[in-house]
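Down below is the structure, laid out as structure tokens.
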2 protein chains.
Amino acid sequence: MSETREKIISLADKLIRVNGFNAFSYKDIATPLEMKNAAVHYHFPGKADLGIGVINEDLQRFTQQTNKWQKLPEEEQLKHLIDVFRKHSQAGNICLMGSLAPDYNTLAPDMQRKVQEMCRAILHWLTNCLENGRKNKRFKFKGNAENRALLIITNLQASLLMSRVLGNTIFSRISEQLLDDILI
Amino acid sequence: MSETREKIISLADKLIRVNGFNAFSYKDIATPLEMKNAAVHYHFPGKADLGIGVINEDLQRFTQQTNKWQKLPEEEQLKHLIDVFRKHSQAGNICLMGSLAPDYNTLAPDMQRKVQEMCRAILHWLTNCLENGRKNKRFKFKGNAENRALLIITNLQASLLMSRVLGNTIFSRISEQLLDDILI
DNA sequence: GTCTATATTCCGATAGAC
DNA sequence: GTCTATCGGAATATAGAC
């Protein structure tokens, strides 16, 4: 994978999180990297290709991270997940799900499928984490683990949205309360 | 208030919820209403004026509705709020907070202030509802009412986002579980 | 792999007639 | 209050030289 390609993806990732997918342009990529917009098109012919590239990178990073946490107690794994969101909160970012889901109807079909794949992967991991954590007496919660994963992931996604509007003390309040709810 | 103005606001509201604020144009308003884009500019000189008009309308509707629920038991009030979100879910909409918060950095300052005002108003109402409901032994939850309101409102906002991506059974699962958590 | 140059389309917005 | 006409700019994208 070329270094230029990596730089483009990294900057696009940031722009999606800060301004939204429909609100940034090839020029916003090209100018800071000191290239021409045509050069970006060489690496990513269409904007959807760029979006898919960003999601693939994010999914790969997510898999690497969760693999590293595999042997930890489940509450540590959950705290690590929350830390990922916290760092984004501090950087003024929102998560890719929270940024791309609102624009979903405007996305090309193959990019829509990628967004779906990303959401499913994260929910699947969190569901397993919660399920195992309850089995190992580290979590307590009502209902099944899938539904609980939905509640927690929506808290985290939208906490970044509300932090953007109301200031990022919001994130700490939400993440601390949700941990307090579920930890034994 | 002119009828044309009302129609423009109503359509803009729908477009913001379905495609996002930055993804619709004056043409998307003008064509279905069989006017010219210049006519829309007469009613709303800039796009931010239109956005602010939409939010004001939504805030007014919210106040009217919550006033109507005032005398009901708190769990009925909360269920009414959830119903508002449910109807949007069924219509393929997301809520204004979930649509405008991701685009927040790209909005004009006066529109940013309106978005803030809307979020604060909804959170304020929900906080009071939860506080009173706990006092009247209708709700049970840990922590203070403000934090609980943040958890619930983020569940509702992002449930619409996830419903868009993964299908709208998501909304029912989230709303049922959150009620089950809090009702006595 | 990156460039220049350009095509095409669309955007928000304004001027001025009616 | 709505129209026609148009401006200035920005967007995505492509052709073809280097």
Side-chain angles (χ1 to χ4, degrees), chain A residues 1-16 18-55 57 99-100 102-112 114-115, chain B residues 1-16 18-55 57 99-100 102-112 114-115:
Chain A
M1 177 110 56
S2 87
E3 196 185 335
T4 303
R5 193 186 152 89
E6 283 297 325
K7 282 183 186 167
I8 293 171
I9 285 186
S10 169
L11 180 53
D13 180 278
K14 181 70 181 171
L15 288 166
I16 291 173
V18 173
N19 288 333
F21 186 72
N22 288 323
F24 83 89
S25 71
Y26 276 75
K27 194 185 148 209
D28 296 324
I29 305 276
T31 305
L33 297 182
E34 294 176 301
M35 347 167 45
K36 301 294 159 170
N37 98 15
V40 183
H41 278 286
Y42 166 77
H43 292 279
F44 300 96
K47 209 174 172 184
D49 302 305
L50 181 47
I52 290 170
V54 168
I55 299 175
E57 184 91 352
S99 177
L100 295 173
D103 294 342
Y104 191 77
N105 293 332
T106 72
L107 303 178
D110 46 344
M111 186 167 166
Q112 289 183 331
K114 262 293 157 201
V115 173
Chain B
M1 177 111 58
S2 87
E3 195 185 337
T4 305
R5 193 186 152 90
E6 283 297 326
K7 282 183 186 166
I8 293 171
I9 285 185
S10 169
L11 180 52
D13 179 279
K14 182 71 182 170
L15 287 166
I16 290 173
V18 173
N19 287 333
F21 186 72
N22 287 324
F24 82 88
S25 71
Y26 275 76
K27 195 184 148 207
D28 297 324
I29 304 275
T31 305
L33 297 183
E34 293 175 302
M35 352 167 43
K36 301 295 159 168
N37 104 14
V40 183
H41 278 286
Y42 166 77
H43 292 279
F44 301 95
K47 209 175 173 184
D49 302 304
L50 180 48
I52 289 170
V54 168
I55 299 175
E57 183 91 354
S99 177
L100 295 174
D103 294 342
Y104 192 77
N105 293 332
T106 72
L107 303 178
D110 47 342
M111 187 167 166
Q112 288 183 332
K114 262 294 158 202
V115 173

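Throughout, protein chains are lettered first and strands after them, A, B, ... in sequence-line order, and every chain is numbered starting at 1.
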Locate the shortest heavy-atom distance separating [X] from [Y]; write the atom from each residue and the value.
| X | Y | value |
| --- | --- | --- |
| A:Q112 | A:Y104 | NE2-O, 2.8 Å |
| B:I9 | B:V54 | O-CG2, 3.8 Å |
| A:A48 | A:A108 | CB-CB, 3.9 Å |
| A:L107 | A:L100 | CD1-O, 4.1 Å |

Can you tell if the side chain of B:H41 reaches within under 4.5 Å of the side chain of B:N37, non-hydrogen atoms only? yes

Contact between A:H43 and A:T4 at the side-chain level, heavy atoms closer than 4.5 Å - yes or no? yes

Under 4.0 Å, heavy atom to any atom of DNA chain C: which of residues 39-50 of chain B qualify? B:H41, B:P45, B:G46, B:K47

Close approaches to DNA chain C from residues 28-38 of chain B, in residue order (heavy atom, under 4.0 Å): B:N37, B:A38

Neighbour count above 12 (heavy atom, 6.0 Å) for A:K14 NZ: yes

Report yes if a side-chain nitrogen or oxygen of [X] is closer than 4.0 Å to either non-bridging phosphate oxygen (OP1 or OP2) of [N]; otherwise report no.
| X | N | result |
| --- | --- | --- |
| A:T4 | C:dG1 | no |
| B:Y26 | C:dA13 | yes |
| A:S25 | D:dA10 | no |

Interatomic distance where CG belongs to A:N19 and C1' belongs to D:dA11 [whole Å]: 15 Å

When the distance from CD1 of B:I8 to C1' of D:dG1 is rounded to whole Å, what number comes out? 10 Å

Sequence neighbours excluded and cut-off under 3.5 Å, please list the side-chain donor-acceptor pairs for residues 22-35 of chain B, or say none.
unit_1	atom_1	unit_2	atom_2	d
B:N22	ND2	B:T106	OG1	2.9
B:S25	OG	B:K27	N	3.3
B:S25	OG	B:D28	N	3.4
B:S25	OG	B:D28	OD2	3.4
B:Y26	OH	B:F44	O	3.0
B:Y26	OH	B:G46	O	3.0
B:Y26	OH	B:K47	N	3.1
B:D28	OD2	B:S25	N	2.9
B:T31	OG1	B:K27	O	3.1

